[in-house]
Amino acid sequence: MEPDGNFPLPPPFDEAVRRHEHELMRYLMRTTRDREDALDVFQEMWLRAYRAWPTLASAEGVRPWLYRIATNLCLNRSRDRMRRARVIAEDAPEFVSETSSINGSNEAVVHLRDAIAALPSKQREAFVMRKFGGLDYEEIAAALACSPESARAGVYQALKKLRAAAGG
Amino acid sequence: MKHRAIARKVPRRARPDAEAVSILADDLPAPPDAAIAGDGIDAMVEDAHRRMARALRRFRRPAVRAGITESPLGRLLVAEGPRGLLAVAYLDTPGAAAPLEALRSGYDVIEDSAVAVRVREEIDRLLAGDSAPIDGHPVDLSLVAGDFQRRALAHLRRVPPGAVVTYQGLAEAIGAPSGQRAIGNSMASNPLPVYVPCHRVIRSDGAIGNYGGGVERKLSLLRAEGFEIGPDKRLPPQAVWGHRRSHIFCRPGCAAVRRASRPRWMIFADAEHACGAGMRPCKLCAPA
């Protein structure tokens, strides 16, 4: 490779893993709040990224793209969990009422998550990447293939809806 | 049933906690969570590595090293796998993106300039008259699309510099006597030009024909290998026909050329190249 060359490829997969794994693990821990969940999503995220690696056009956008995969996996997971919880609630009321009455503040967080999961997908992804991933609007825009203004508007709309849902 | 009633009574919008409130206060990133400590994350990453290595092993793509080089034949993309050279692509041609896509879908492509530098040196030496480094460089025909093309290209590796075969002759040699057009297509999509010498295939009428990297490149390669090709882009009059089996070479019009089976003929740049390839002159037409 010429020193000035522009090799038309993203970095090797393993290099990207090394570069981003810690911040993504932190992000996953933050969004899932569960060690096992975070580990599961982490692995699934990298496996998906690996499979899709050949479709990546360039080095730019690798980070937001990874955040997008991570975000979607987390949000899908919490949605599935809610669905499951609802089924359990009907089948085994004792179990659910016991856990939900033990920790009231957890419930508020669950409600916030519930409300996040109910957001339109673009607002939801933008909000989670912004709040828990700490991405800037340029990066969110790259991940969602939209303009930074539209990413900002998505977060704004999400905040508005979540505040309303929280009754505040 | 009593419990169920309690669970239902909890209002959905009740009690937003302090954290939820602070998260919804503005659009700034939420402050780091003190409960998620750095060394805890390190341990998790370690743990995840072990699990991932197991899962990845199942569908890991083989690694190839690839780079770009400025060669005398133009800008080239070069890729080499563990079994040999996989791709050489002229980057200024319309189909230049195809080999890279093919590489990326089947391999983990790692940028490495050393491979490209080595190929450039070998091409320099070929153009200076020394084909040994290229002949000795192992090639991997994995990117070749089908069995027909693979057979055609494998056969071509046996045509030495200073010699050419015809599309028709190559078609017959791999057992497809009516396949000269398919041979043309196979040459056009050769993933390893120069290393699999598709420039050493010409038309039966003596015109040098087309080339995936452009006719000018085919001309420079054939000229570097000893063919004195003029502006008419045809084989020179001193070219001779050599028979692979009998190791005898003849003038183009010799009766022996018309008689013997076509797949076994190669056309040499001149008598000297034919002798260099271990052939002796025909006693009928006395080409040397």
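Source: prediction; values computed, not measured. So you know, we letter chains A, B, ... as the sequences are listed, proteins then strands, and number each from 1. Atom set for the values below is all heavy atoms of this structure, side chains included, hydrogens, waters and symmetry mates excluded.
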Item to complete: Report the distance from atom CD1 of B:Ile41 to atom CE of A:Met29, rounding to the nearest 0.5 Å.
Response: 6.5 Å
Practice prompt. Report, as yes or no, whether the 6.0 Å neighbourhood of atom CZ on B:Arg65 holds more than 12 heavy atoms from other residues, nucleotides or ligands.
Written response: no
Worksheet entry | Heavy-atom contact with chain B under 4.5 Å, split by part of A:Tyr50 | both
Worksheet item: Looking only at heavy atoms, which of residues 45-64 of chain B get nearer than 4.5 Å to chain A?
Response: B:Val45, B:Asp47, B:Ala48, B:His49, B:Arg51, B:Met52, B:Ala55, B:Leu56, B:Phe59, B:Arg60, B:Arg61
Fill in: Backbone N/O of B:Ala25 and side chain of A:Arg163: donor-acceptor pair under 3.5 Å
yes
Worksheet entry | Interchain contact, B:Leu28 with chain A, by part (heavy-atom threshold 4.5 Å) | both
Worksheet item: A:Gln43, A:Met25, A:Arg30: which one forms the most heavy-atom pairs within less than 4.5 Å of chain B?
Response: A:Arg30
Item to complete: Could you check if a side-chain atom of B:Pro29 sits within less than 4.5 angstrom of a side-chain atom of A:Arg130, using non-hydrogen atoms only?
Response: yes
Discussion item. Quick check on the structure: residues of residues 135-157 of chain A within a heavy-atom distance below 4.5 Å of chain B, by number.
Written reply: A:Tyr137, A:Arg152, A:Val155
Item to complete: Select one option (side chain, backbone, both, neither) describing which atoms of B:Asp27 are under 4.5 Å from chain A's heavy atoms.
Response: both
Worksheet entry | Crowding at CG, B:Asn210 (>12 non-hydrogen neighbours, <6.0 Å) | no
Worksheet entry | Closest contact, heavy atoms only, A:Lys131 versus B:Ser22 | NZ-O, 4.4 Å
Worksheet item: Based on non-hydrogen pairs under 4.5 Å, which of B:Leu103, B:Val115, B:Asp26 is most in contact with chain A?
Response: B:Asp26
Discussion item. So A:Phe127 and B:Ile23, do their side chains get closer than 4.5 Å, heavy atoms only?
Written reply: yes
